[in-house]
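Each remark here refers to the structure printed beneath this line.
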Amino acid sequence: MATPFKKSIENVYNRMIIYSILTSILSIIIGLVLIFLPAVSNKVVGIIVGIVFLAFGINSVYKYFHRDGAKIYSLNLIFGVLYSILGIVIIIYPFSVMNFVTVCLGLFIIVNGISKINYGMWLKRGNEESWLVTLVTGAFLVTIGIMLVFNPFTALTLTQIAGAFLIITGVLNLSDTILFKNRAKQIMEIFW
């Protein structure tokens, strides 16, 4: 029989999983729009990217304040505030310079990757078998983010590049979230 505290933690964990799935799906949808509608104005792209940052920021802050002692989310307040500030700035000033938005997206993906690396290290400390998948996902995201910041892609439009990287980030985050959901009991033992 589950104690009230453990049941509360399970509820919080399940809500965090749902929010992670929703933000990953949002990232994939926006990425698809950017790839298949590259003629979308830079202003609209800026606003969309700003909304994505803000959604991830709110999600990270939510995870921090509803973590009920979960060590895995200890850095989420910092990440959430950074994401949210960046999102608000981009929404208020949807720069027509797509380079800036692309660099911000690259920074966002780097921070996301670093948080995944942090999760992977916590999983390793808890002897969770899936730690390597999370760690590799984080390292891959950091690499993608660095590539996006320095933009070695000259043949594609920046809008399509941003869309492709949003899709990759969304898919990687979704796969990580599904892994966390499938191994919830073992992972909860590590973080609470």
Side-chain angles (χ1 to χ4, degrees), residues 16 19-36 38 40 42 44-64 72-73 75-91 94-95 97-123 132-180:
M16 289 177 184
Y19 287 127
S20 292
I21 290 171
L22 290 176
T23 53
S24 296
I25 291 171
L26 177 65
S27 178
I28 293 169
I29 290 170
I30 292 172
L32 287 169
V33 168
L34 295 179
I35 285 177
F36 293 112
V40 174
N42 288 341
V44 173
V45 170
I47 291 171
I48 290 171
V49 171
I51 290 170
V52 170
F53 283 137
L54 188 57
F56 272 93
I58 291 169
N59 183 33
S60 292
V61 170
Y62 177 85
K63 285 178 182 177
Y64 177 81
I72 188 172
Y73 298 115
L75 296 176
N76 277 36
L77 182 61
I78 295 167
F79 295 144
V81 169
L82 290 174
Y83 288 152
S84 297
I85 290 171
L86 194 54
I88 291 168
V89 168
I90 292 174
I91 290 169
F95 303 104
V97 181
M98 196 54 198
N99 286 334
F100 177 76
V101 174
T102 305
V103 168
C104 291
L105 183 59
L107 293 173
F108 162 76
I109 293 173
I110 291 169
V111 171
N112 194 353
I114 291 170
S115 69
K116 294 253 182 248
I117 291 170
N118 180 44
Y119 296 167
M121 297 307 283
W122 276 102
L123 290 170
L132 188 57
V133 173
T134 303
L135 188 72
V136 169
T137 299
F140 187 62
L141 287 173
V142 169
T143 304
I144 288 173
I146 291 170
M147 289 172 60
L148 195 54
V149 168
F150 293 106
N151 191 16
F153 314 98
T154 55
L156 296 172
T157 69
L158 289 175
T159 305
Q160 290 172 317
I161 293 168
F165 284 130
L166 273 174
I167 292 170
I168 292 168
T169 301
V171 168
L172 290 174
N173 283 335
L174 190 59
S175 65
D176 237 17
T177 301
I178 290 169
L179 177 70
F180 273 39

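Predicted model only: the values in this text are computed from it and were never measured. When a residue number appears, it is its place in the shown sequence, counting from 1.
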Open item on the list: Keeping S27 on the side-chain end and L166 on the backbone end, is there a donor-acceptor pair under 3.5 Å?
Closed with: yes
TODO: Measure from the side-chain N and O atoms of Y19 to the backbone N and O of I58, and report whether any donor-acceptor pair falls under 3.5 Å.
DONE: no
- [ ] Taking the side chain as every heavy atom from C-beta outward, state whether T23 and N173 have any pair of such atoms under 4.5 Å apart.
- [x] no
TODO: Please name the pair of heavy atoms, one in S60 and one in G80, separated by the smallest distance, quoted to 0.1 Å.
DONE: CB-CA, 3.5 Å
Open item on the list: For a 4.5 angstrom cut-off between non-hydrogen side-chain atoms, does I85 reach V81?
Closed with: yes
Open item on the list: Does any part of the side chain of L174, heavy atoms only, come nearer than 4.5 Å to the side chain of I21, both counted from C-beta?
Closed with: yes
Task: Side chains of I114 and F79 in contact at under 4.5 Å (non-hydrogen atoms) - done: yes
Task: CG-CZ distance between L82 and F56, expressed to the nearest 0.5 angstrom - done: 14.5 Å
Open item on the list: Looking at every heavy atom in both I28 and I167, which two are closest together, and how far apart are they?
Closed with: O-CG1, 3.7 Å
Task: Which atom of G170 lies closest to which atom of S24, heavy atoms considered - done: O-CB, 3.5 Å
Open item on the list: When you compare the side chain of I30 with that of L26, does any pair of heavy atoms fall below 4.5 Å?
Closed with: yes
Task: Separation of L123 CG from N118 CG (nearest 0.5 Å) - done: 9.5 Å
Open item on the list: Which heavy atom of V142 sits nearest to which heavy atom of I117, and what is that distance?
Closed with: CG2-CD1, 4.1 Å
- [ ] Report yes if some heavy atom in the side chain of Y119 is under 4.5 Å from a heavy atom in the side chain of T137; otherwise report no.
- [x] no
Open item on the list: Within this structure, what is the CD1-CD1 distance for the pair I91 and I51, rounded to the nearest 0.5 Å?
Closed with: 5.0 Å
Open item on the list: Is any side-chain heavy atom of N59 closer than 4.5 Å to one of Y83?
Closed with: no
TODO: State, yes or no, whether a side-chain contact exists between W122 and T134 at a heavy-atom distance under 4.5 Å.
DONE: no
- [ ] Quick one: closest heavy-atom pair of S175 and L172, and the distance?
- [x] OG-O, 2.8 Å
